[in-house]
2 protein chains.
Amino acid sequence: MDRKTATIQDVARIAGVSTATVSRTLSKPSVVAKSTREAVLDAVAETGYRVNATASNLRRQRTGTVIVLLPNLANPFFSQILAGLASVLTPAQLGMLIADTQSGPDPEERLRHYLTSGQADGLILLDGTLSPEALAIPGRPPVVLACEWMGHDLPSVRVENARGAALAVGHLARLGHRRIGHVTGPRGNVLTETRLEGFCAALQELGLPLDDHWVLEGDFSMDSGAAAGRAWLGMTDRPTALFLSSDEMAIGFLGEVQRAGIRVPEDVSIVGFDNIEIAQHLSPGLTTIRQPRTQIGVRAAELLLAMIETGSLTGPSELIEVEFIVRGSAGVPPA
Amino acid sequence: MDRKTATIQDVARIAGVSTATVSRTLSKPSVVAKSTREAVLDAVAETGYRVNATASNLRRQRTGTVIVLLPNLANPFFSQILAGLASVLTPAQLGMLIADTQSGPDPEERLRHYLTSGQADGLILLDGTLSPEALAIPGRPPVVLACEWMGHDLPSVRVENARGAALAVGHLARLGHRRIGHVTGPRGNVLTETRLEGFCAALQELGLPLDDHWVLEGDFSMDSGAAAGRAWLGMTDRPTALFLSSDEMAIGFLGEVQRAGIRVPEDVSIVGFDNIEIAQHLSPGLTTIRQPRTQIGVRAAELLLAMIETGSLTGPSELIEVEFIVRGSAGVPPA
DNA sequence: TTCATACTTGTAAACGATTACATTCTTTGT
DNA sequence: ACAAAGAATGTAATCGTTTACAAGTATGAA
């Protein structure tokens with residue numbers, strides 16, 4: 001058909017109107033007369049015109065992009081969140097620029113860069129390790145935190161992390177466990193700390209002992225879960241149950257101890273966090289705490305969208321419920 | 001400091017030169033005199049000026065974006081490929097717009113849309129289900145296929161899929177298996193077909209029987225692997241080993257049969273495909289075929305980058321080697 | 001008839017960069 | 001000393017939209 005893509009000028013000429021009218025027809029159809037609207041739409045169809053997003057963005061002083069900053073793109077936990085984000089952002093004509101903080105040298109510097117570069121209309125931050133101080137930049141775009149964050153009133157989407165930990169402890173206690181261990185995420189991470197606090201508070205409430213040796217530090221990865229498994233195997237005074245701060249770590253732990261001949265849940269009970277897809281396909285199925293990841297993405301995107309449209313830097317936060325999922329990996333303690 | 005972000009005009013004024021000189025200083029420093037260059041760079045530093053990518057793109061008739069089209073964002077298999085893509089595209093000032101074909105109704109229509117909308121300087125296609133006919137669009141941007149694709153000379157990054165299947169069959173045959181089954185991906189998908197062909201050819205070459213009942217159709221997902229597991233459990237004439245076209249399916253299969261009391265590899269041997277991270281953390285570890293996913297992403301991005309820079313619609317293809325990974329899930333057949 | 005009001009539409013100035021072309025100032029060879 | 005070539009810089013058009021403002025037309029009330 002057309003050698004080059006049609007511009008708004010072409011459409012205007014063919015429809016016999018001005019470019020202003022074409023633009024209006026496309027953005028606010030209600031303000032143009034029905035007959036003109038039809039003529040314009042016909043011309044659009046005839047030329048196959050599509051608005052040039054770059055020109056539109058330039059004129060409207062926006063970028064058409066939001067940046068999503070997450071710790072590690074290769075972590076499957078985030079892919080569903082991304083899917084949720086995309087489902088809201090794409091219809092709003094916003095592209096997602098995805099960047100991870102681990103690939104570069106200085107994550108906080110990266111964050112600062114994105115905030116100052118003016119390359120985005122907004123930013124969604126999924127990394128709980130970055131300190132919120134880095135957000136104190138004048139003229140920055142709106143930011144939504146899609147993870148727990150303490151002591152700041154920035155808009156965020158969080159899940160009931162402490163409650164999730166309490167649910168896990170409660171379940172294990174009800175099964176009869178009195179020696180319950182915990183594998184944390186990386187220290188300093190807000191998710192780590194919140195879940196750890198929830199864990200300790202729940203133990204205390206139930207009058208259960210807390211041994212420092214039973215709290216192992218991980219980093220949410222399967223490898224660190226496997227390392228925790230080796231540590232557990234080497235203990236003289238093993239807890240009979242463990243709550244792990246991520247399903248990935250639970251998987252690593254499970255595989256490691258199973259390969260050492262330990263039976264789950266007969267010899268040790270484990271509870272994970274996240275309910276990633278694979279949890280139900282393990283043997284035994286992984287008892288865990290479900291986070292609705294797609295929903296987290298959707299809500300974060302909606303929050304950000306509202307801020308972008310109103311030009312506001314603040315907004316409401318959202319607390320998303322968790323749900324306890326009982327499968328086979330937690331049972332009664334060994335006799 | 002500045003209420004608004006500085007423009008090239010501000011820099012020009014402060015440096016006492018024209019905007020043309022500022023632009024040249026930033027893009028081709030060699031053509032401006034040393035003294036002016038320094039003055040300009042000082043002014044840039046003073047104002048904190050950063051070029052407005054939108055304006056630059058508009059003038060240069062590009063978009064600064066490449067679209068990555070994949071079947072399903074929530075599939076962890078793709079996240080590492082994305083990481084590889086990002087590591088090349090980001091330094092080249094290109095953002096990635098990630099879209100999945102499964103969320104909308106008509107994937108081919110989506111593809112056509114992206115190709116005609118002029119919203120991207122290039123496109124990377126990771127979905128082997130889409131037919132290449134949809135690419136026959138005049139004036140479309142360069143495209144790189146990052147998956148197997150038959151009968152087309154479009155630039156692509158592929159892995160040795162058929163050889164991977166042959167490696168799996170060879171390994172199982174060497175262990176003594178004579179009744180080997182296969183769980184495929186979705187029919188019509190090029191990966192599915194190529195691996196199936198490789199599987200059949202290898203069986204034939206080794207003089208092993210091929211029973212149609214032993215070839216089950218899956219869709220690469222864990223759920224479909226679990227379904228295949230149930231189908232296998234219900235067979236009267238079970239194969240002693242199975243090659244599954246994805247690790248995810250292998251995981252689903254493994255969990256399903258293990259929960260039914262089947263021991264792996266004593267009762268049945270399984271081999272997967274992909275070597276996703278979790279493969280090594282299962283119990284038993286999953287014997288599989290490794291695809292270097294980050295590398296696939298990196299090479300695809302490099303290919304596309306070269307095409308964008310030369311303005312060419314064709315380019316070389318790349319074949320990436322696979323590697324057989326021996327773990328515990330395949331052993332000698334039961335007596 | 002006449003004026004106010006509401007509707008439509010057009011005019012033209014941005015948005016912020018890039019770059020072809022023109023201009024000015026140096027060199028350098030003869 | 002002068003023309004030609006080269007180097008450095010400036011001028012201004014351009015990329016494709018959006019939108020404030022102006023201008024025109026129709027409608028209805030007085």
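By convention in this document, chain letters (A, B, ...) are assigned in the order of the sequence lines, proteins followed by strands, and residues within each chain are numbered from 1.
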Starting from [atom2] on [N], measure out to [atom1] on [X] and report it in whole angstrom.
| X | N | atom1 | atom2 | value |
| --- | --- | --- | --- | --- |
| Asn57(B) | dG16(D) | CG | P | 13 Å |
| Gln9(A) | dT14(D) | CD | C1' | 12 Å |
| Lys28(B) | dT18(C) | NZ | P | 11 Å |
| Leu58(A) | dG16(C) | CG | C1' | 6 Å |
| Ile8(B) | dT11(D) | CD1 | P | 14 Å |
| Asp121(A) | dC15(C) | CG | P | 18 Å |

Is [X] near enough to [N] that one of its side-chain N or O atoms lies under 4.0 angstrom from OP1 or OP2?
| X | N | answer |
| --- | --- | --- |
| Tyr49(B) | dA17(C) | yes |
| Ser56(A) | dT18(D) | yes |
| Thr7(B) | dG16(C) | no |

Practice item. Flag the pair Leu123(A) / Pro142(A) as yes when at least one side-chain heavy-atom distance between them is below 4.5 Å, and no otherwise. Key: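 No - every pair of side-chain heavy atoms lies 4.5 Å or more apart.
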Check your understanding: Considering only heavy atoms from C-beta outward, does the side chain of Leu126(A) approach that of Val68(A) to under 4.5 Å?
Key ->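 Yes, at least one pair of side-chain atoms sits under 4.5 Å.
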Indicate every side-chain donor-acceptor pair of residues 9-17 of chain A with a distance under 3.5 Å to a residue at least two apart or in another chain.
| residue | atom | partner | partner atom | Å |
| --- | --- | --- | --- | --- |
| Asp10(A) | OD1 | Arg13(A) | NH2 | 2.7 |
| Asp10(A) | OD2 | Thr7(A) | N | 2.8 |

[X]: side chain to side chain donor-acceptor pair (under 3.5 Å) partners, not counting sequence neighbours:
| X | answer |
| --- | --- |
| Thr63(B) | Asp121(B) |
| Gln295(A) | none |
| Thr19(A) | none |
| Thr192(B) | none |

Check your understanding: Does Leu145(A) have any side-chain contact (heavy atoms from CB on, under 4.5 Å) partners at least two apart in sequence or in another chain, and if so, which?
Key ->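 Once residues adjacent in sequence are excluded, the partners of Leu145(A) under the side-chain contact (heavy atoms from CB on, under 4.5 Å) criterion are Leu125(A), Leu135(A), Val143(A), Trp149(A), Leu154(A), Ser156(A).
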**Study point:** the helix from dT1(C)-dA30(D) to dT30(C)-dA1(D): angle between end helix axes, five pairs per end, rounded to 10 degrees
**Key:**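 End-to-end axis angle: 50°.
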Practice item. For DNA chain D, determine which residues of residues 59-66 of chain A have any heavy atom closer than 4.0 angstrom to one of its atoms, and list them numerically. Key: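 Result for residues 59-66 of chain A: Arg59(A), Arg60(A), sorted by number.
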Interface polar pairs with nucleotides 7-10 of chain C, N/O, under 3.5 angstrom:
| residue | atom | partner | partner atom | Å |
| --- | --- | --- | --- | --- |
| dT9(C) | OP1 | Thr36(A) | OG1 | 2.5 |
| dT9(C) | OP2 | Ala33(A) | N | 2.9 |
| dT9(C) | OP2 | Thr36(A) | OG1 | 3.0 |
| dG10(C) | OP2 | Ser18(A) | N | 2.9 |
| dG10(C) | OP2 | Ser18(A) | OG | 3.1 |
| dG10(C) | OP2 | Thr21(A) | OG1 | 2.6 |
| dG10(C) | N7 | Arg24(A) | NH2 | 2.8 |
| dG10(C) | O6 | Arg24(A) | NH1 | 3.2 |

Just list the side-chain donor-acceptor pairs under 3.5 Å for residues 298-316 of chain A, sequence neighbours left out, or say none.
| residue | atom | partner | partner atom | Å |
| --- | --- | --- | --- | --- |
| Arg299(A) | NE | Glu318(A) | OE1 | 3.4 |
| Arg299(A) | NE | Glu318(A) | OE2 | 2.7 |
| Arg299(A) | NH1 | Glu302(A) | OE1 | 2.0 |
| Arg299(A) | NH2 | Glu318(A) | OE1 | 2.7 |
| Arg299(A) | NH2 | Glu318(A) | OE2 | 3.2 |
| Thr310(A) | OG1 | Ala306(A) | O | 3.0 |
| Thr310(A) | OG1 | Met307(A) | O | 3.4 |
| Thr310(A) | OG1 | Ser312(A) | N | 3.4 |
| Ser312(A) | OG | Thr314(A) | N | 3.0 |
| Ser312(A) | OG | Thr314(A) | O | 2.7 |

Check your understanding: Which pairs, with at least one residue in residues 18-41 of chain A and sequence neighbours excluded, count as a salt bridge (Lys or Arg N to Asp or Glu O under 4.0 Å)?
Key ->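 Matches after skipping sequence neighbours: Lys34(A)-Glu38(A).
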Polar pairs (N or O, both sides) under 3.5 Å between protein and nucleotides 22-24 of chain D?
none

